[in-house]
Amino acid sequence: MSESTTATLETATRNEATTKTQSTRLSMQQALNRALDEILSADPRTVVFGEDCGQLGGVFRITDGLQAKHGESRVFDTPLAESGILGMSVGLAMAGFHPIPEVQFDGFAYPAINQIVCQIARMNYRSRGKLPMPITLRVPSFGGIRAPEHHGESLEALFAHVPGLKVVSPSDPHDAYHLLKYAASRPDPVIFMEPKSRYWQKGDVDTSDGGTLTGARIVRPGRHLTLVAWGAMVARCMQVAELAAEDGIDVEVLDLRWLKPIDAQALATSVGKTRRAVVVHEAPLTSGLGAEVAQLITQSCFDTLKAPVERVTGFDVPYPSGDLEDEYIPNIDRILLGIQRVLEYRRG
Amino acid sequence: MSESTTATLETATRNEATTKTQSTRLSMQQALNRALDEILSADPRTVVFGEDCGQLGGVFRITDGLQAKHGESRVFDTPLAESGILGMSVGLAMAGFHPIPEVQFDGFAYPAINQIVCQIARMNYRSRGKLPMPITLRVPSFGGIRAPEHHGESLEALFAHVPGLKVVSPSDPHDAYHLLKYAASRPDPVIFMEPKSRYWQKGDVDTSDGGTLTGARIVRPGRHLTLVAWGAMVARCMQVAELAAEDGIDVEVLDLRWLKPIDAQALATSVGKTRRAVVVHEAPLTSGLGAEVAQLITQSCFDTLKAPVERVTGFDVPYPSGDLEDEYIPNIDRILLGIQRVLEYRRG
Amino acid sequence: MDSFLPAVAAADAAPLASEQLRELYSLMAAVRYLDTSAVAWQRQGIIPGYAPELGQEAAQVGSAYAFDTAHDFAFPTYREMGVARTMGVDMVAYMSTHKATWHGGMYDPLASRLAPIQAVVAGSVLHAVGWAHGQTLSGEPGVALSYFGDGASSQGDVHEAMNFAAVMKAPVVFFIQNNGWAISVPTERQVAGGSVAARAAGYGIPGIQVDGNDVVAVYEATRDAFAHCRAGNGPVVVEAMTYRRGPHSTADDPGRYRSLDDERIDAGKDPLERLRERLLAVGAADDAFFAAAHQAARIEEEAIRTGIEALGPRPGTEMFDFVFQETTPALENQATRWREESEHV
Amino acid sequence: MDSFLPAVAAADAAPLASEQLRELYSLMAAVRYLDTSAVAWQRQGIIPGYAPELGQEAAQVGSAYAFDTAHDFAFPTYREMGVARTMGVDMVAYMSTHKATWHGGMYDPLASRLAPIQAVVAGSVLHAVGWAHGQTLSGEPGVALSYFGDGASSQGDVHEAMNFAAVMKAPVVFFIQNNGWAISVPTERQVAGGSVAARAAGYGIPGIQVDGNDVVAVYEATRDAFAHCRAGNGPVVVEAMTYRRGPHSTADDPGRYRSLDDERIDAGKDPLERLRERLLAVGAADDAFFAAAHQAARIEEEAIRTGIEALGPRPGTEMFDFVFQETTPALENQATRWREESEHV
Ligand SMILES: Cc1ncc(C[n+]2csc(CCOP(=O)(O)OP(=O)(O)O)c2C)c(N)n1
Ligand SMILES: Cc1ncc(C[n+]2csc(CCOP(=O)(O)OP(=O)(O)O)c2C)c(N)n1
Ligand SMILES: [Mg+2]
Ligand SMILES: [Mg+2]
């Protein structure tokens, strides 16, 4: 089965009328927790584990109550070793299970990179399709919560570069619920990057209809410029778009959602229309995923682009301590200035 | 001290006349070995270590004879654990040493990524400049030698994305000799990616004059199109350029050398002149360093570019076994076709 | 050898019958023949490289002989040809990895009960633990057999694996072939304390060193370890003390780090020769048997060589086909471009 | 406590003088006061978070008391406030990390002989080994003191560190504070076999468990360990059995995984109270001393709080300034752009 990228341009207009009747207001934490609960109920081969995922329910409470409900063999704590957690996932998948491991924070995926890159991402290939790796690795990701060192990292460029992995990041509770259920139902490994600064924001979740779950999503249609973002930056870009609208600038906000495979068609369609693009991410600039997004746009829209794609990103510096976080993460002003540079660009 | 990128466009014309008198013909293996020998002699704080680096002289013989000459405390074998090797390097650097560790093959850098990303790259920052990490990590890199799995990987996109690291890859013996001596003399961590398929190719090494060691290098000047490459792909691009010349296409070959920081000025100057560019690398396409190079070019040459920058790269698949290696690594035909696409591009 | 695991009743500890001893010899002969031939194949240009297991036949055949293909699952490194052969894996498919046909080998790992060949040192030890824990979760009786070397024991993953297994009481046999060397580094500069098995106590699990060149001793230790695991007692460490008589791989030159004299002294007696003497001593075999075993090994090697020589390269499309179970549009585009460009040429 | 290391002569094993016992109490009181205050600071919004060490004062003060700042170097985790205080580190600079001013703290690690605060669990254990091996290489007498927890002991890096240290005979004291918990996971589901110290034997190095709530016992064990290392005998493992009386951090809710009753029973007697009783029993201190010690602790805490409150955010340029010793053009461009954009706003 091949994922479709063409029918993905559903706009922000999740039908409000229908939604009302079928939707609940949930935080992303609640939406993810509910999704896991339903996955565990529906698929007896699913196991959920990681550091503090059992009794405590995870440091972010995403697995809250799941051990009590589904039992200690389905939802369990592991010793404190990320390579162990991911390496164990490989073996469980080989035995026919559908592991949903967690690494507690983005920065603690590094000790497991060897197992992720050399084993999880390659076992299907190495075994010529005989040993699929239906592993959904949940990674509380990105910054913005004034946390200690290594608790605010953005690893999407690394993951997206690894053949054999798929990578997705939801930006709101509705997508969080549906994308997690979708990812967990697929036969390939998915890195599921949760924007931890958005865990407690509430939103409407239509549990009965997730819409198209592959590809990108237009969160706000616009005519003058496309803002491409994912994770926590989507909400920030929406704020930016509202501010820009006050100045008569009509910004389209595209939530990329899938960071691998990237929905090149959605980028082409959107920027084909707006003829200008800014890509926003928290990760450092150099060799970040913004380069890939920009290059995909340039490839498809070279003839019509009015200005080079602009990148507004974290700097090429280690993620700083809380006091400097707001200087590091693209803030509203920096994004607005990026938009301005694109709009004011004149061929020399 | 800030590295200069402006004076880097020395052309291929390393003065042949002068070179003759001062240069020796060495393979890259010999050049690297000689460089290490001289570094060890000149700097008593230097230590060279890794798996099989001592008595055996390394599986590629890069450290051949160094233990016998400089003693077992300066050149030594470690137990078989890459995280151990890199973590130990941090402590040695803190104690004032200049470690030159080796990971035996590219793919075995993954077990050490946690120490590289979270420790080596950040200790100077974390300690506010009090604990510099003058570590030169040698990584035999890239493919092309029909080796077992994990022995043909290209990790430059990962390394280049990590704040706090510098990354360099020589393409010939002369640069190998000088860049290694340069890297080992700097106070910041440098990932030194050695193109293992080029270890045994001989070339003239002018040991007395390395020229400019920062930034990129024009290996072949040309007027019609810029081929950007590094490591083993430079020699291949030179072959491509010769073939293209037969068809009257004058290709400029730019050896990027430093993959972090990237010499944006050299890219701008070259493509500003040729108005067309193809970037070539062995690593998978998506989120590869080619995206960054292409985007840097597009940013600086947007007005004059005749076609979108083309990327000819490895595919988004795990590095395959020897029999399929030549299908995976950009070969001459694929690079020529990439050039053709750029030359034939017409605005729609 | 006495059982080191009090939990294991003597019931299963019946000594091997003559027929089984002969079978062990035949297996070791086949493995020896194929192994030394593969080195020759490399010299002849039939395969680009190979990691010989000369001297480790008793450790490999003896341990795999205790394996139950109905239930268990084995996780090899790159040097377990003798294990694969004993388990009955298709040897052309197995050796294909050394012909650079496909990383991991072309045998079906599920049907063979043998994980793909693993080139990352210690890469699969945690997989064994996960697989074993899966047996516990689904109430199945399988035991995971994890192979690794003395060098691999230095990797952090091995520690995490032993600790996870012990905490979860996972049915895993950690089977170390301590062959004295990790490429050029001898065990004494690799394994602090001198014994991987001695580490087991620190995790509260049983560990034993066994004479790895005595195929019967290896078999019995592994059999007991399996029984211990299957009875729900958690993991076991078995360290087979053996010797890598050949080079690390066909690319290696052991003369750079050990002398021929050292080799002769450290290697001890050839494990095949030891079994031959035992068979003769107990009257379980005669010269005709040995001649027949060697002849069978020769014929087998010839068939495998023929298979390997006939093995063509895989179609390039497989590079793309096996990345995912569900491919992606981006990858399909790359496959299409690749196809067009290959045809163009 | 008897010396566990026969190599250490009784020479250095003179019992602590009354003055030293009083000093230990004063240190523990200062640490207790600052620690409990820091939790309050978090509730008051002065700092965003903190990892309390309530109950671990004896383990931290006792071990650091054996440290020689002229030669040695310590490698902390995120919970070693008591170590820093005992070593004489500038406590405003130390606590700044908890104010989110600078990851790692603002003290000078070289002058303090204390590595930056380490947030990766087990992240610095190998650094200690490398630093210690550096002492051997340059013929210096320093010993590395590596702090980590029971949870950290599960990480592969700890195994690699112990093995490297043992193979190289590096002068490292691996000092584990086994405080019963890694966030919500109790030691019995973390440390297979039940003891980190028991792992030492597997590497052929000495290991000991010590009552981590007895400051004198901790001091003596660490002192002996230092002597063992300094005499060239290689590494030592010391496991101080203690209890994390507070939450994992100010963000944690221990009520979700342990009851107050469990806490009361498992925590045992307060380490400060134990030392107080001992001082009284041997007549080394009276109530006036304790009152003065507590008063000094209060005053000290006030000064540190004032310092912390006065601490402003670092200038944003420091994000760029400290990435490298030698900056790069690309990074300079980013710093320039950042400066322009911040001024613009
Ligand atoms: C993680 C990793 N590091 C390094 C290597 C390179 N390498 C391959 S085999 C080997 C030695 C392994 O020694 P041991 O575990 O004793 O197994 P043996 O080769 O003796 O069977 C090394 C260093 C590797 N394959 N994987
Ligand atoms: C590599 C890594 N994984 C996970 C975490 C998250 N984390 C922080 S502290 C902690 C528990 C550590 O337990 P222990 O080592 O016993 O130290 P303690 O907190 O009890 O002092 C965890 C899981 C981390 N900081 N680093
Ligand atoms: Mg070995
Ligand atoms: Mg603890």
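Below, read A as the first sequence line, B as the second, and so on, with proteins coming before strands; counting in each chain starts at 1.
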Review point. Which heavy-atom pair separates G107(A) from C118(B) by the least distance, and what is that distance?
Key: O-SG, 4.2 Å
Study note, to complete from the structure: Nearest heavy-atom contact between L285(B) and E292(A) is O-OE1, 3.6 Å
Let's test your reading of the structure: which of [options] forms the most heavy-atom pairs below 4.5 Å with chain B?
{"options": "T298(A), V117(A), L158(A), L259(A)", "result": "V117(A)"}
{"options": "A109(A), A283(A), S321(A), A307(A)", "result": "A307(A)"}
{"options": "G288(A), A112(A), A291(A), G290(A)", "result": "A291(A)"}

Exercise for review: Please say whether more than 12 non-hydrogen atoms of neighbouring residues, nucleotides or ligands are located less than 6.0 Å from NZ in K273(A).
Suggested key: yes
Is there a side-chain contact between [X] and [Y] (heavy atoms, below 4.5 Å)?
{"X": "D316(A)", "Y": "K260(B)", "value": "yes"}
{"X": "F302(A)", "Y": "V309(B)", "value": "no"}
{"X": "H161(A)", "Y": "H161(B)", "value": "no"}
{"X": "Y125(B)", "Y": "P320(A)", "value": "yes"}

Review point. Short question: side chain of S287(B), backbone of A157(A) - any donor-acceptor pair under 3.5 Å?
Key: yes
Would you mind telling me which of [options] has the largest number of heavy-atom pairs within less than 4.5 Å of chain A?
{"options": "A294(B), P111(B), A160(B)", "result": "P111(B)"}
{"options": "E310(B), E82(B), Q115(B), E153(B)", "result": "E153(B)"}
{"options": "F108(B), Y345(B), Y110(B)", "result": "Y110(B)"}
{"options": "E156(B), R126(B), Q299(B)", "result": "R126(B)"}

Revision key, fill the gap. Here the gap from R347(A) atom CZ to T304(B) atom OG1, rounded to the nearest 0.5 Å, amounts to 9.5 Å
**Study point:** Spacing of R346(B) atom CZ and D303(A) atom CG [to the nearest 0.5 Å]
**Key:** 11.5 Å
Check your understanding: What part of E149(B) gets closer than 4.5 Å to chain A, counting heavy atoms only: side chain, backbone, both or neither?
Key -> side chain
Exercise for review: Below 4.5 Å from any heavy atom of chain B, which atoms of V317(A) appear? Answer side chain, backbone, both or neither.
Suggested key: both
Point to revise | Proximity breakdown for L305(A) and chain B, heavy-atom pairs closer than 4.5 Å | key: both
